[in-house]
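Below is one structure, written out as structure tokens; the observations come after it.
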Amino acid sequence: MRLATWNVNSLKARLPRVEEWLSTFRPDVLCMQETKCADDAFPLMTFQAMGYDGVHYGVGRWNGVAILSRVGIEHVVAGFGDGDTEDAEARLLWGTCAGVRIGTVYVPNGREVGHEQYQYKLRWLDRLRRKVASERPSSEPLIVCGDFNIAPDDRDVYDPAVYVGATHVSAPERAALQSMLDWGMVDVFRRFYDAGGLFSWWDYRAGNFHKGKGMRIDLILMTETLAERATSVLIDRNARKGKGPSDHAPVVVDIDVT
DNA sequence: ATGGTCGCGCAGCGA
């Protein structure tokens with residue numbers, strides 16, 4: 001199975017790039033974040049014409065998540081579906097593709113440390129951890145991928161000094177991510193790369209992409225039973241180049257599920 | 001030149 005995650009930063013603005021990318025990589029599953037569209041504006045037929053089924057959860061303008069699959073999508077759940085009051089923002093969507101339970105996540109940005117949005121981010125991450133643990137036993141195949149808005153460690157930012165005191169690197173955020181890893185999820189990218197300087201997001205401003213000033217905040221977490229079958233991972237930074245890119249690059253994993 | 005970007009949606013905010 002080839003699975004990818006990509007924060008597209010508006011599906012409407014990015015559709016030509018997404019179509020081009022799909023036809024090149026032909027993933028079995030593509031999880032998207034920040035579609036910024038409502039469900040009735042999701043261009044499902046465009047994807048169907050390319051052989052993909054798709055589900056979307058969004059209310060327009062901000063956030064919005066989607067899953068495309070050419071190996072089927074079943075048991076779709078929008079949001080946490082944990083019985084508590086549903087989050088007002090569309091940041092989480094689940095589906096089962098070829099027997100693998102998959103969640104696409106757009107973790108809140110947090111704005112700045114201590115901000116009300118930062119507290120929301122930490123609460124959201126804790127709720128995600130509980131949701132993940134209730135979704136499947138850690139011994140079973142489970143993938144949670146997307147824009148976590150967390151750089152797992154200092155290798156994942158271009159200059160740790162720049163980010164002292166900032167969101168995305170704070171100890172509580174990293175601890176929240178670590179608690180999911182402790183439960184049994186693997187940041188599969190790190191199974192293949194030890195180096196720093198390998199990023200998935202670069203600010204549009206000030207030519208940061210061309211200066212190599214980025215962060216790795218788009219993650220594919222999977223349970224060990226899948227991670228041990230992963231055969232390759234890459235961040236397609238070519239997708240960040242050229243005219244009209246998202247500020248995020250897709251992350252792709254190949255898993256031998258035969 | 002002394003900042004430098006996008007997207008949404010039409011001002012200014014969020015990232």
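Chain identifiers are assigned alphabetically (A, B, ...) following the order of the sequence lines, protein sequences preceding nucleic acid strands; residue numbering begins at 1 within each chain. Not measured: the values here are computed from a predicted model.
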Side chain to side chain contact (heavy atoms under 4.5 Å, CB included) involving A:V257 - partner list, sequence neighbours excluded
A:M1, A:L226, A:I255
What residues, two or more places apart in sequence or in another chain, satisfy side-chain hydrogen bond (donor to acceptor under 3.5 Å, both in side chains) together with A:R237?
none
Say we look at B:dG14 and B:dC10: how far apart would their C1' atoms be, to the nearest angstrom?
16 Å
Please work out which of the three classes, parallel, tilted or perpendicular, describes the rings of A:F42 and A:H56, given edges at 30° and 60°.
parallel
When the P atoms of B:dC6 and B:dA11 are compared, how many Å lie between them, rounded to an integer?
22 Å
So, does A:S10 get its side chain near the phosphate of B:dC8, meaning an N or O under 4.0 Å from OP1 or OP2?
yes
Measuring to OP1 and OP2 of B:dG7, would you say a side-chain N or O of A:R14 lies under 4.0 angstrom away?
yes
Extract from the structure each pairing of a protein N or O with an N or O of nucleotides 12-15 of chain B at less than 3.5 Å, listing the distance.
| from | atom 1 | to | atom 2 | distance (Å) |
| --- | --- | --- | --- | --- |
| B:dA15 | OP2 | A:R111 | NE | 3.0 |
| B:dA15 | N6 | A:R205 | NH1 | 3.4 |

Quote, to the nearest angstrom, the P distance that separates B:dA15 from B:dG9.
15 Å
From CZ of A:R17 over to C1' of B:dC6, roughly how many Å is that when rounded to an integer?
14 Å
Contacts of A:L15 meeting side chain to side chain contact (heavy atoms under 4.5 Å, CB included) (sequence neighbours excluded), chain-then-number -> A:L11, A:E19, A:P43, A:T46, A:F47
Holding to side-chain hydrogen bond (donor to acceptor under 3.5 Å, both in side chains), I want the full list of residues that pass it with A:T258, two or more places apart in sequence or in another chain.
A:D256
With sequence neighbours left out, what residues match A:Q117 under side chain to side chain contact (heavy atoms under 4.5 Å, CB included)?
A:R111, A:H115, A:Y120
Report the residue (A:A13 or A:K211) whose heavy-atom-nearest nucleotide on DNA chain B is the more 5′ of the two.
A:K211
Output all residues satisfying side chain to side chain contact (heavy atoms under 4.5 Å, CB included) with A:E20, sequence neighbours left out; order by chain, then residue number.
A:R17
Which residues pass the side-chain hydrogen bond (donor to acceptor under 3.5 Å, both in side chains) test with A:D28, sequence neighbours left out?
none
Which residues in residues 161-171 of chain A have a heavy atom closer than 4.0 Å to any atom of DNA chain B?
none
